Amino acid sequence: MAANNRRMSGKKGAQVGSGGQRRRGLEGKGPTPPAEMRKGHAKQRAAQAKARRAQGRTTQRRGGRSASELVVGRNPVVEALRGGVPASTLYVQQFIDNDERVREALQLAAERGGINLMEAPRPELDRMTNGLNHQGLVLQVPPYEYAHPEDLVAAAHDEGEDPLIVALDGVTDPRNLGAVVRSVSAFGGHGVLVPERRAAGMTAGAWKTSAGTAARTPVARATNLTRALEAYKKAGVLVVGLAADGEAELSDVEALDGPVVIVVGSEGKGLSRLVGETCDVRVRIPMPGGAESLNAGVAAGIVLYEAARRRS
């Protein structure tokens, strides 16, 4: 009876044979992998950390992207298309009154090519624009791909030229940014540098003011403008700040024919303290008419003209 209980207890007795496990255990497992490939090994952790740092540098190397933008309303949409503002999609309200502006917007989008035409009900356009008066037309502007500050210097060297760059400090009006981009393009500059925060970016308004020159003049964005200027100085680029109380007049600065970055502050506050201290020299533009300050786009244009004249 006891023997029957043991047989029915559910406990497994000794197994016959090893099922080949002993034989497989004696077989070789191939060459030992290098330390970098062994899970948990110190060298593998070091290699992974190095890869993460390299990826971080690659990410930082790019200037980043802006957010996509919507141009809303019949006149703004038509003006943006006329001005060559990049666009990915033109949204048209269903059953819209087909007036002259709507027809022109559709024609411009079709002629340019590469712009998707989407018909959408009014509630959908209301939702997209957060209730703005879109008048049945909405133009989507794709994110702007900013350059890295180092790219501007590299582009000049690739062309065998001394860098000529404009940096903007505290300029918040996109139209001023667009005007500076246009001047940089006109006078043979190599790009514009803007801070990432509290500064104008490449919006539809900036594109429009640039009159199409933004397509060939790069705009770089720096996380910290002061550090970017210090990096330029280490690369041999003279940092010239424009200030009403500058210690030198524009005509006295002979270094404009060499590698230079021109720093322009806001019309009201001028250069910030840290940026002003980073400049190699602060320059004033003579104004016999007695004006206290110049628009950022105008000031940059004057200095760029002087630099281009000396380089010719």
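Atom set for the values below is all heavy atoms of this structure, side chains included, hydrogens, waters and symmetry mates excluded. Nothing here was measured: the structure is a model prediction, and the numbers come from that model.
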For the residue pair Val102 and Arg74, establish whether any side-chain heavy-atom pair is separated by less than 4.5 Å.
yes

Quick one: does Val275's side chain get under 4.5 Å of Leu229's, heavy atoms only?
yes

More than 12 heavy atoms of other residues, nucleotides or ligands under 6.0 Å from CZ of Arg198: is that the case?
no

Kindly compute the distance separating CD (Gln93) from CD (Gln135), expressed to the nearest 0.5 Å.
10.5 Å

Tyr232 side chain reached by Ile165 side chain, heavy atoms, under 4.5 Å:
yes

Measure across Gly265 and Val171 and return the closest heavy-atom pair with its distance rounded to 0.1 Å.
O-CG2, 3.8 Å

Closest heavy-atom pair and its distance - Ala179, Gly297
CB-CA, 4.3 Å

Going by the rule salt bridge (Lys or Arg N to Asp or Glu O under 4.0 Å), which residues pair with Glu124 if we only count those two or more places apart in sequence or in a different chain?
Arg127

Note: Thr217 and Gly191 closest approach over all heavy atoms is CG2-CA, 4.1 Å

Honestly curious: do Phe187 and Leu294 fall in one hydrophobic cluster under the side-chain, below-4.5 Å linking rule?
yes

With Glu159 via salt bridge (Lys or Arg N to Asp or Glu O under 4.0 Å) - residues at least two apart:
none

Regarding Glu230 and Lys234, does a basic nitrogen lie under 4.0 Å from an acidic carboxylate oxygen?
no

Decide side-chain contact (heavy atoms from CB on, under 4.5 Å) for Leu256 and Glu306; before the verdict, give the C-alpha distance in whole Å, the side-chain angles of both, and the deciding distance to 0.1 Å.
CA-CA 8 Å; Leu256 288 177; Glu306 181 65 16; 3.8 Å; yes

Which donor-acceptor pairs under 3.5 Å do side chains of residues 242-255 form with protein atoms, sequence neighbours excluded?
residue : atom : partner : partner atom : Å
Asp245  : OD1  : Arg282  : NH1          : 3.2
Glu247  : OE2  : Arg282  : N            : 3.1

Are the side chains of Leu139 and Leu70 in touch, meaning some heavy atoms are under 4.5 Å apart?
no

Taking every heavy atom of Pro163 against every heavy atom of Val153, the minimum-distance pair comes out as CG-CG1, 4.0 Å

Heavy-atom side-chain contact between Val71 and Val138 under 4.5 Å:
no

Does the salt bridge (Lys or Arg N to Asp or Glu O under 4.0 Å) test come out yes or no for Glu277 and Arg273, once each step is laid out?
CA-CA 6 Å; Glu277 293 173 355; Arg273 180 182 61 82; 3.3 Å; yes

Ignoring hydrogens and geometry, is there a side-chain-to-backbone donor-acceptor pair from Arg103 to Asn98 under 3.5 Å?
yes

Apply the side chain to side chain contact (heavy atoms under 4.5 Å, CB included) test between Leu164 and each candidate in Val260, Val261, Val303; give the one that qualifies.
Val260

Can Ile302 be reached from Leu304 by stepping across I, L, V, M, F, W or Y side chains whose heavy atoms are under 4.5 Å apart?
yes

Close side-chain approach of Asn75 and Arg101, heavy atoms under 4.5 Å
yes

Donor-acceptor contact present, side-chain Asp169 to main-chain Ser272, <3.5 Å
yes

Leu152 with Ile262, same ILVMFWY side-chain cluster at under 4.5 Å
no

Do Tyr91 and Leu137 come within less than 4.5 Å of each other through their side chains, counting heavy atoms only?
no

How would you list, by chain and number, every residue that makes a salt bridge (Lys or Arg N to Asp or Glu O under 4.0 Å) with Arg227, sequence neighbours excluded?
none

Assess whether atom CZ of Arg284 is packed by more than 12 heavy atoms of other residues, nucleotides or ligands within 6.0 Å.
yes

If hydrophobic clusters are built by linking Ile, Leu, Val, Met, Phe, Trp and Tyr wherever their side-chain heavy atoms come under 4.5 Å apart, do Tyr305 and Val283 end up in the same one?
yes

Flag the pair Val219 / Val181 as yes when at least one side-chain heavy-atom distance between them is below 4.5 Å, and no otherwise.
yes

Is Met202 reachable from Leu168 through a run of hydrophobic residues whose side-chain heavy atoms are each under 4.5 Å from the next?
yes

Of all heavy-atom pairs linking Ala222 and Ala228, the shortest is CB-CB, 3.8 Å

CG of Leu117 to OG1 of Thr89: how many Å apart, nearest 0.5 Å?
8.5 Å

Listed by chain and number, what are the salt bridge (Lys or Arg N to Asp or Glu O under 4.0 Å) partners of Asp162, not counting sequence neighbours?
none

What distance do Arg310 atom CZ and Asp257 atom CG have between them, rounded to the nearest 0.5 Å?
7.0 Å

Quick note, side-chain hydrogen bond (donor to acceptor under 3.5 Å, both in side chains) partners involving residues 104-116, not counting sequence neighbours, are Arg82-Glu104, Gln107-Glu111

Taking it one step at a time, do Glu161 and His190 satisfy side-chain contact (heavy atoms from CB on, under 4.5 Å)?
CA-CA 9 Å; Glu161 300 173 351; His190 300 100; 2.7 Å; yes

Would the distance check show the side chain of Thr213 and the main-chain N or O of Ser210 forming a donor-acceptor pair, the cut-off being under 3.5 Å?
yes

All heavy atoms of Val264 vs all of Ala300, minimum pair found to be CG2-CB, 4.1 Å

